[in-house]
Amino acid sequence: MAQAYVQVTTTTDSRPEAAALARSAVAERLAACAQLVGPIASTYWWEGEIESAEEWMVVFKTTDARFDELASLITEGHSYDTPEIIATEIVAGSLDYLAWVSEQTDEDDEDDEDGDEDERRAARGGAGETVSVE
């Protein structure tokens, strides 16, 4: 079965918290990449009232296999009682990029920096190609 990929989002009330979550996830290899977006304006129901707040979004790129651990890390490091943790399936993408996501989040390969990039690219089928992930 082909590797499955997801983009996971969460929001926080501060840039430092968003940056800490991003850094932790990448350091633990639970995400290959984490991007901070913001500030953003959010409107939502909370405790029976409509609330509005300025928030920061973190977008993580990872594999489906790493989602549960990433969700746990977000929950444990988050200041919200009920943090947003949403995974969206990546249905297609650059072959090289998705292979890179796999390499960076591979639990068994965390210390292997000696591999030859050209050999990996040849094994993946070349640069610039896109692939449907199904």
Side-chain angles (χ1 to χ4, degrees):
M1 183 173 183
Q3 177 77 48
Y5 300 91
V6 292
Q7 181 170 282
V8 178
T9 58
T10 193
T11 55
T12 69
D13 64 0
S14 72
R15 188 182 203 299
E17 182 177 350
L21 289 170
R23 179 83 179 173
S24 294
V26 173
E28 295 288 326
R29 294 202 178 264
L30 300 178
C33 172
Q35 299 163 317
L36 276 58
V37 181
I40 60 173
S42 295
T43 302
Y44 52 90
W45 283 99
W46 186 249
E47 297 181 347
E49 300 288 329
I50 295 178
E51 300 285 339
S52 294
E54 183 174 280
E55 294 185 299
W56 289 83
M57 180 184 296
V58 187
V59 181
F60 304 91
K61 309 313 189 308
T62 192
T63 61
D64 186 56
R66 299 296 269 179
F67 173 75
D68 288 339
E69 290 175 276
L70 176 58
S72 291
L73 179 131
I74 293 168
T75 300
E76 291 168 12
H78 212 292
S79 63
Y80 290 179
D81 294 336
T82 307
E84 169 188 334
I85 302 173
I86 298 174
T88 304
E89 181 180 13
I90 297 172
V91 296
S94 159
L95 186 62
D96 281 347
Y97 184 79
L98 295 176
W100 174 79
V101 170
S102 291
E103 290 168 8
Q104 301 311 310
T105 57
D106 184 356
E107 295 176 86
D108 299 328
D109 198 30
E110 291 181 9
D111 296 320
D112 184 16
E113 299 293 329
D114 300 326
D116 182 60
E117 178 59 29
D118 291 333
E119 287 179 20
R120 289 194 298 261
R121 180 173 287 125
R124 293 192 303 261
E129 295 180 36
T130 59
V131 63
S132 178
V133 186
E134 295 185 52

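Below, all heavy atoms of this structure are taken into account, side chains as well, without hydrogens, waters or symmetry copies.
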Mind checking the [atom1]-[atom2] spacing from [X] to [Y]? Nearest 0.5 Å is all I need.
| X | Y | atom1 | atom2 | result |
| --- | --- | --- | --- | --- |
| Gln104 | Cys33 | CD | SG | 10.5 Å |
| Tyr5 | Glu89 | OH | CD | 12.0 Å |
| Leu36 | Arg23 | CG | CZ | 12.5 Å |
| Leu21 | Leu30 | CG | CG | 11.5 Å |
| Asp81 | Thr75 | CG | OG1 | 12.0 Å |
| Ser24 | Glu76 | OG | CD | 10.5 Å |

(message) Given 3.5 Å as the limit, does a donor-acceptor pair link the side chain of Thr63 with the main chain of Ala4, or not?
(response) no

(message) Quick check against the 3.5 Å criterion: does Glu17 have a side-chain atom that pairs as donor or acceptor with the backbone of Ser79?
(response) yes

(message) Just so I know, are the side chains of Ile74 and Val8 near enough to count as touching, which here means a heavy-atom distance under 4.5 Å?
(response) yes

Minimum heavy-atom separation for [X] and [Y], please, with both atom names.
| X | Y | value |
| --- | --- | --- |
| Val58 | Ala34 | CG1-CB, 4.2 Å |
| Ala32 | Thr105 | N-CG2, 3.4 Å |
| Arg15 | Trp56 | N-CD1, 3.3 Å |
| His78 | Thr12 | NE2-CG2, 3.5 Å |
| Glu103 | Arg29 | O-NH1, 4.5 Å |
| Met57 | Thr9 | SD-CG2, 4.3 Å |

Any chain of hydrophobic side-chain contacts (each under 4.5 Å) joining [X] to [Y]?
| X | Y | result |
| --- | --- | --- |
| Phe67 | Phe60 | yes |
| Ile85 | Leu70 | yes |
| Tyr97 | Ile90 | yes |

(message) I'd like to know whether Glu55 forms a side-chain hydrogen bond (donor to acceptor under 3.5 Å, both in side chains) with Tyr80, so could you lay out the CA-CA distance, the side-chain angles of the two residues, the decisive distance to 0.1 Å, and finally the verdict.
(response) CA-CA 12 Å; Glu55 294 185 299; Tyr80 290 179; 2.6 Å; yes

(request) Apply side-chain contact (heavy atoms from CB on, under 4.5 Å) to the pair Ile50 and Tyr44, showing each step before the final yes or no. (result) CA-CA 6 Å; Ile50 295 178; Tyr44 52 90; over 6 Å; no

(request) Would you sort out whether Thr88 and Ile86 count as a side-chain contact (heavy atoms from CB on, under 4.5 Å), showing the intermediate values? (result) CA-CA 7 Å; Thr88 304; Ile86 298 174; 4.3 Å; yes

